[in-house]
Number of protein chains: 2
Amino acid sequence: MPDQPAAPGPSSRGPAPHGHVTLSDVARYVGVSAQSVSNALNNPQRVAPETRDRILAAVRDLDYRPNRSARALRNQSSRLIAVKVEPSRDDRAALLLDQFLHALAESAAGAGCHLILCQADDPADEIKAYRELLHTTSVDAFILTSTHRDDDRVGALREWGVPFATFGRSWDGDDELAWVDVDGRAGIAAATGHVAAQGHTRIGFVGWPLSSEVGRDRRTGWQETCESLGLDAGRHAEVVDDFDQGRRAAHALLDAPDAATALVCSSDTLALGVLRALSERGLRAGPDIAVTGFDNSPAAALTTPGLTSLRQPLEQVAQDLVTAVEDLLGDASPRRRHTLLDPELVVRESSLRGPLPVGGHPQKENP
Amino acid sequence: MPDQPAAPGPSSRGPAPHGHVTLSDVARYVGVSAQSVSNALNNPQRVAPETRDRILAAVRDLDYRPNRSARALRNQSSRLIAVKVEPSRDDRAALLLDQFLHALAESAAGAGCHLILCQADDPADEIKAYRELLHTTSVDAFILTSTHRDDDRVGALREWGVPFATFGRSWDGDDELAWVDVDGRAGIAAATGHVAAQGHTRIGFVGWPLSSEVGRDRRTGWQETCESLGLDAGRHAEVVDDFDQGRRAAHALLDAPDAATALVCSSDTLALGVLRALSERGLRAGPDIAVTGFDNSPAAALTTPGLTSLRQPLEQVAQDLVTAVEDLLGDASPRRRHTLLDPELVVRESSLRGPLPVGGHPQKENP
DNA sequence: GGAGGTGTGTTTAGCGTTAAAATCAATGTG
DNA sequence: CACATTGATTTTAACGCTAAACACACCTCC
């Protein structure tokens with residue numbers, strides 16, 4: 001047994017000749033068994049304080065980092081969370097994914113996890129890709145986005161017994177599902193209330209087909225607000241999330257007699273289409289017709305006039321998703337299974353009669 | 001030794017009681033050693049054709065998938081590529097990252113690799129994060145974006161001897177570096193040529209500070225084109241990539257006597273700022289002043305009027321980057337170390353005197 | 001003074017894979 | 001017929017880590 005430790009100093013035994021510093025390098029350095037080093041790091045209470053300190057000092061001295069692959073192999077757990085990246089279309093304004101991924105990566109890092117990307121072109125492929133990841137990499141958990149009623153992915157993951165959380169609530173009232181979502185109804189209600197406060201009484205709505213629960217939810221936000229304010233809720237259109245569809249819907253709504261003077265939209269994409277329609281009709285967004293969107297995409301901030309929109313608290317969403325997954329991983333039942341967050345209204349020129357009050361800076365209202 | 005194979009059919013021996021199918025499961029099933037199964041998969045020429053076929057059939061029967069962690073541990077290589085995600089700002093139009101990541105994930109999947117995300121707030125953190133990844137996960141390679149002269153990250157990675165490729169060329173003429181980039185100069189030249197073809201003779205430029213090589217490169221594209229067309233290249237501004245800076249720059253340029261009638265911009269963000277300035281002056285983008293951007297962000301497509309811009313071929317960039325790191329991983333020297341791709345001009349209303357020729361559809365011109 | 005903790009440490013074993021060495025049979029060669 | 005040569009396959013060992021079992025000293029308590 002080699003027991004010539006005693007001589008500290010990083011030079012006594014270089015941090016492994018060719019590869020990385022391993023547990024046994026540290027063990028040899030301190031003069032204990034590898035297991036003790038492992039314990040000092042993972043079960044500190046199992047090793048005597050004095051030894052533990054010596055070990056931890058050595059860990060710092062040698063700059064030891066546990067090897068993830070070895071850990072994963074041994075523990076059957078990789079601390080890797082899989083997320084799918086969408087094939088982003090440039091005809092959509094909302095590239096939330098981008099911000100979302102960053103926020104997610106940050107939260108995951110805080111939990112000692114990493115994100116691994118997964119890519120698929122259709123839902124069937126996606127499930128296959130998930131299976132592949134599970135089989136090969138021992139991915140620990142999944143985070144799903146934009147789930148819908150009877151989502152096959154949810155079914156598959158649950159069947160496999162893998163921890164996962166979704167950005168998007170369980171519309172079929174699945175109480176077991178861990179989800180985080182943004183309250184679209186409240187957001188749209190806030191936007192509707194905002195334009196009403198600007199003096200508009202004929203407020204229209206351009207939203208998504210009612211076959212999507214999100215579409216229904218958002219329209220409800222508009223409808224309820226109108227009704228509670230004693231306003232007519234008859235002016236609305238339901239179209240798919242597409243710039244040109246928004247544009248056409250706006251034309252149709254504005255062609256009607258006694259037309260709306262404000263249009264609340266389900267997305268920035270639709271709202272930007274509406275802005276285009278206004279321009280085509282020689283109308284000014286803001287002074288003539290108020291317009292609001294949803295998602296606070298870069299396009300909303302940078303278009304002219306600025307588009308009033310609703311910012312989703314993606315950082316919080318990401319944080320809560322990671323927390324949920326972490327809880328599931330630690331087999332503890334989640335502290336909170338469902339989280340519904342409020343979006344934040346970001347007011348810009350498109351919904352104001354005059355210029356922005358505080359020069360240039362958008363004004364924020366929390367609903 | 002259990003040798004009751006002979007009975008195929010997926011029911012004979014379930015795919016492992018609780019866990020996954022392992023090499024030895026397959027081996028037992030066929031009646032050979034685990035090593036032979038490994039060989040059949042990785043060194044087919046080493047096993048007799050007849051045995052190999054039986055093994056491969058079993059692999060299919062049992063749906064065997066090699067365990068990535070075990071492989072990574074054994075081979076010291078994880079087939080994981082790290083990419084940093086930027087803390088995307090919503091005051092920037094170009095969220096390329098989104099599309100880029102998707103394309104990258106797709107290309108990586110084609111090479112049997114996965115992407116692992118990495119997140120950092122400043123360059124020092126980033127290097128630390130890279131080191132951490134290397135130490136712990138045996139990440140195989142890195143892909144860097146927006147590299148600049150004397151990039152510390154490049155230095156660090158090279159020092160560690162890790163394979164990596166960059167999106168962004170080596171501006172300091174580092175021939176060893178494997179990079180892929182988009183030819184900003186050619187792109188800007190195409191945009192400049194395009195507005196000149198619309199009859200503009202006083203073409204201005206709003207770009208980035210010349211301290212950035214990309215900024216210099218793009219301005220050169222404008223300048224050279226002006227000069228080759230016999231136009232004055234005196235109207236220009238250099239500002240950081242910010243909406244409001246673009247707006248101010250436009251006001252300044254348009255206040256000048258004998259002002260520009262066209263403004264070519266280094267980014268969509270700046271161009272959108274310019275559009276705002278035009279609106280503030282009661283000028284129409286297109287009929288009055290031609291404007292072009294760079295990146296073909298969603299905002300460019302969806303703003304009104306549509307912003308003429310340059311689309312970066314991100315799919316190709318991603319593909320080439322993955323090919324490059326793949327080559328580096330296979331210790332073979334890259335087939336091609338440097339790739340310079342041309343962006344594609346996407347013409348919209350902002351650079352046209354009248355409406356778009358083909359109703360609604362942007363017209364594409366490849367420079 | 002043995003039976004039972006308790007606290008600290010070590011040894012053993014194995015996660016799934018694969019390079020390298022070892023085995024064994026079949027095939028030349030002098 | 002002894003003796004390399006080749007080819008197919010198996011055995012061994014190791015990648016780095018940690019749960020579980022084990023060893024040992026030191027208490028404590030009837």
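Chain letters run A, B, ... following the sequence lines, proteins first, then strands; residues in each count from 1.
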Have a look at A:Phe167 and tell me which of A:Leu314, A:Val83, A:Asp320 forms a side chain to side chain contact (heavy atoms under 4.5 Å, CB included) with it.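 Exactly one pass, corresponding to A:Leu314.
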Those residues that, when tested against A:Arg131, pass salt bridge (charged side-chain N to carboxylate O under 4.0 Å, His left out) (two or more places apart):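 A:Arg131 satisfies salt bridge (charged side-chain N to carboxylate O under 4.0 Å, His left out) with B:Asp63 only.
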Which atoms of nucleotides 25-27 of chain D (N or O only) lie under 3.5 Å from a protein N or O atom, and what are those distances?
none

Ion pair present between B:Lys84 and B:Asp125, side-chain N to carboxylate O less than 4.0 angstrom?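 No, no charged N to carboxylate O under 4.0 Å.
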Strictly below 4.0 Å, N to O, side chains only: are B:Arg169 and B:Asp174 in salt-bridge contact?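 A salt bridge is absent here (no side-chain N lies under 4.0 Å from a carboxylate O).
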Residue pair [X] / [Y], side-chain donor-acceptor N/O under 3.5 Å:
{"X": "A:Asp25", "Y": "A:Tyr64", "value": "no"}
{"X": "B:Arg71", "Y": "B:Asn42", "value": "yes"}
{"X": "A:Ser170", "Y": "A:Trp179", "value": "yes"}

Base, sugar-phosphate alone, or nothing: which one does A:Thr51 contact when heavy atoms must sit under 4.0 Å apart?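 The answer is sugar-phosphate, as A:Thr51 gets under 4.0 Å only of primed atoms, P, OP1 or OP2.
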Quantify the bending of the helix from C:dG1-D:dC30 to C:dG30-D:dC1 as the angle between its end axes, each fitted on five pairs, to 10°.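 Inter-axis angle at the termini of the helix from C:dG1-D:dC30 to C:dG30-D:dC1: 70°.
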Hey, what's the ring geometry for A:His135 with B:His20, parallel, tilted or perpendicular (30° and 60° as the breaks)?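 Parallel, since the angle between the ring planes stays under 30°.
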Could you pull out all residues at least two apart from B:Glu132 that satisfy side chain to side chain contact (heavy atoms under 4.5 Å, CB included)?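 Residues passing side chain to side chain contact (heavy atoms under 4.5 Å, CB included) with B:Glu132: A:Arg65, B:Thr136.
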By side chain to side chain contact (heavy atoms under 4.5 Å, CB included), which residues pair with A:Arg52, not counting sequence neighbours?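 Only A:Ala40, A:Pro44, A:Val47, A:Pro49, A:Leu56 meet the side chain to side chain contact (heavy atoms under 4.5 Å, CB included) criterion with A:Arg52.
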Separation of B:Gln76 atom CD from C:dG16 atom P, in whole Å?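 Result: 19 Å.
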So, is A:Ser36 near the phosphate of C:dT8, with a side-chain N or O under 4.0 Å from OP1 or OP2?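 Checking A:Ser36 against C:dT8: no side-chain N or O falls below 4.0 Å of OP1 or OP2.
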Residue whose closest nucleotide on DNA chain D lies nearer the 5' end, B:Gln45 versus A:Leu73: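 Nearest-nucleotide comparison on DNA chain D picks B:Gln45.
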Atom pairs under 3.5 Å, N or O on each side, protein against nucleotides 17-23 of chain D: can you list them with distances?
residue: D:dC17; atom: OP1; partner: A:Tyr64; partner atom: OH; Å: 2.4
residue: D:dC17; atom: OP1; partner: A:Asn67; partner atom: N; Å: 3.1
residue: D:dC17; atom: OP2; partner: A:Leu23; partner atom: N; Å: 2.4
residue: D:dT18; atom: OP1; partner: A:Asn42; partner atom: ND2; Å: 3.1
residue: D:dT18; atom: OP1; partner: A:Arg71; partner atom: NE; Å: 2.7
residue: D:dT18; atom: OP1; partner: A:Arg71; partner atom: NH2; Å: 3.3
residue: D:dT18; atom: OP2; partner: A:Ser38; partner atom: OG; Å: 3.0
residue: D:dT18; atom: OP2; partner: A:Asn42; partner atom: ND2; Å: 3.4
residue: D:dT18; atom: O2; partner: A:Arg74; partner atom: NH1; Å: 2.3
residue: D:dA19; atom: O4'; partner: A:Arg74; partner atom: NH2; Å: 3.4
residue: D:dA19; atom: N7; partner: A:Gln35; partner atom: OE1; Å: 3.4
residue: D:dA19; atom: N6; partner: A:Gln35; partner atom: OE1; Å: 2.6

